Amino acid sequence: EKAEWEKLKDEPSVTADGKHFDIAANIGTPDDLQGVIDNGAEGVGLYRTEFLYMQSDKLPTEDDQFEAYKKVLEGMKGKPVVVRTMDIGGDKHLPYLPLPEEMNPFLGYRAIRISLDRQEIFRTQLRALLRASAFGNLRIMFPMIGTLQEFRDAKKVFEEEKAKLVKDGVKVSDDIQLGMMMEVPAAAVLADQFAKEVDFFSIGTNDLIQYTMAADRGNEHVSYLYQPYNPSILRLIKHVIESAHKEGKWAGMCGEAAGDNTMLPLLLSMGLDEYSMSATSVLRVRSLMKKLSTKDLATLADRAVNESITNEDNKKLVEEYLNK
Ligand code: PEP
Ligand code: MG
């Protein structure tokens, strides 16, 4: 099987009926780039920048960050790179940035909530990204957006930093797409409203499932509630994708579910545009995609969200489909 997959390394990701979808990779540091290239990913769908902060013993400077982002953008040679602004908090802490003790860190001071509050940190990151944008195809997304006001506030800070750099004569790209992670249920429910203002969505199933099922993603006692095929989750995903498309925007997924074989027929049926996963999954998913036809899959998602009741129902539904 592995040898079969290898042959697909330089091929585009297409279905049996010739529809193209992007298969991208998730990275944490510029060192991960080689794996992305070796596995023939069509872009970086999630660059988790928090590692840059976690590997350091102080806040990374604008120049440190600029170098890292530039390296990734240049390495991808014009292919899209979605950089997520820092997602600290929850279970990720920085020794040099004391955060308040919290009863429920995953429901607390995290990601964009910190960035909008500690704006000097956020502005430094955005300036580094803007400067790096001249070296490739940069897209930026904000993590843990729950309200439209948060997205607007983050976008405003971005525009302010961009205007300052342009005024100083620094070269920045003029078509940086600005998107958001879809991982807070409140935002997913209102995806139709968000779609009017963002350039794209990237669905973070790890958190979307955690928050929708009210089950800590790291707690083994409730791990049975990690249910990617639960109709409640699939309805949210479907709504997010359809809302994006209604406004002419694209929707991707960068949570674990994006690289899952059972999920793939469902996501193709819903028309998800971009699939971002660990680099080592890219060829496996490309190979499965090649065997599936979107025409054939047309009604699968409707059945999964309207007729099925449980996670198991949908697992069976897809497995029967794949084995037929
Ligand atoms: C997610 O929540 O699905 C996601 C991709 O982000 P992270 O796993 O970094 O929280
Ligand atoms: Mg997340």
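Remember, predicted model here, so these are calculated numbers, not experimental data. Read the numbers this way: they start at 1 and go in the same order the structure lists the ligands and their atoms.
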Determine, step by step, whether N314 and S308 satisfy the side-chain hydrogen bond (donor to acceptor under 3.5 Å, both in side chains) criterion, reporting the C-alpha distance in whole Å, the side-chain angles of both residues, the deciding distance to 0.1 Å, and the verdict. CA-CA 6 Å; N314 278 330; S308 299; 2.7 Å; yes

Given side-chain hydrogen bond (donor to acceptor under 3.5 Å, both in side chains), test D260 with Y229 step by step and report yes or no. CA-CA 11 Å; D260 180 81; Y229 326 115; 2.8 Å; yes

As a quick check of understanding, evaluate side-chain hydrogen bond (donor to acceptor under 3.5 Å, both in side chains) for D153 and Q149, giving each step before the final call. CA-CA 6 Å; D153 289 346; Q149 193 59 49; 3.0 Å; yes

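When E6, E42, E11, E4 are each tested for a salt bridge (Lys or Arg N to Asp or Glu O under 4.0 Å) with R286, only one passes: E42. Screening W250, F142, F194 against F200 for a ring pair (Phe, Tyr, Trp, His ring centres under 6.0 Å) leaves a single residue, W250.
An N or O contact shorter than 3.5 Å is missing between E256 and ligand 1 by distance. Residue E50 has no N or O atom closer than 3.5 Å to an N or O atom of ligand 1.
Heavy-atom contacts of C254 reach the following atoms of ligand 1: 5 (C) (cutoff under 4.0 Å). Within the listing of ligand 1, atoms 2 (O), 7 (P), 8 (O), 10 (O) sit less than 4.0 angstrom from a heavy atom of R217.
Both L322 and L267 are members of a single hydrophobic cluster when ILVMFWY side chains are connected at heavy-atom separations under 4.5 Å.
The proximity of M144 to ligand 1, defined as any non-hydrogen pair under 4.0 Å, does not occur for either the backbone or the side chain. Heavy atoms of L46 found under 4.0 angstrom from ligand 1 belong exclusively to the side chain. Counting heavy atoms under 4.0 Å from ligand 1, residue R110 touches it through the side chain alone.
M181 counts as a contact of ligand 1, since one of its heavy atoms falls under 4.0 Å from the ligand.
From the protein, the heavy atom lying nearest to atom 6 (O) of ligand 1 is R84 NH1, 2.9 Å.
Cation-pi geometry between K70 and F135 is satisfied (NZ or CZ under 6.0 Å from the ring centre, within 45° of the ring normal).
The OE1 atom of E183, the Mg ion (ligand 2) and the OD2 atom of D207 define an angle of 90° (nearest 10 degrees).
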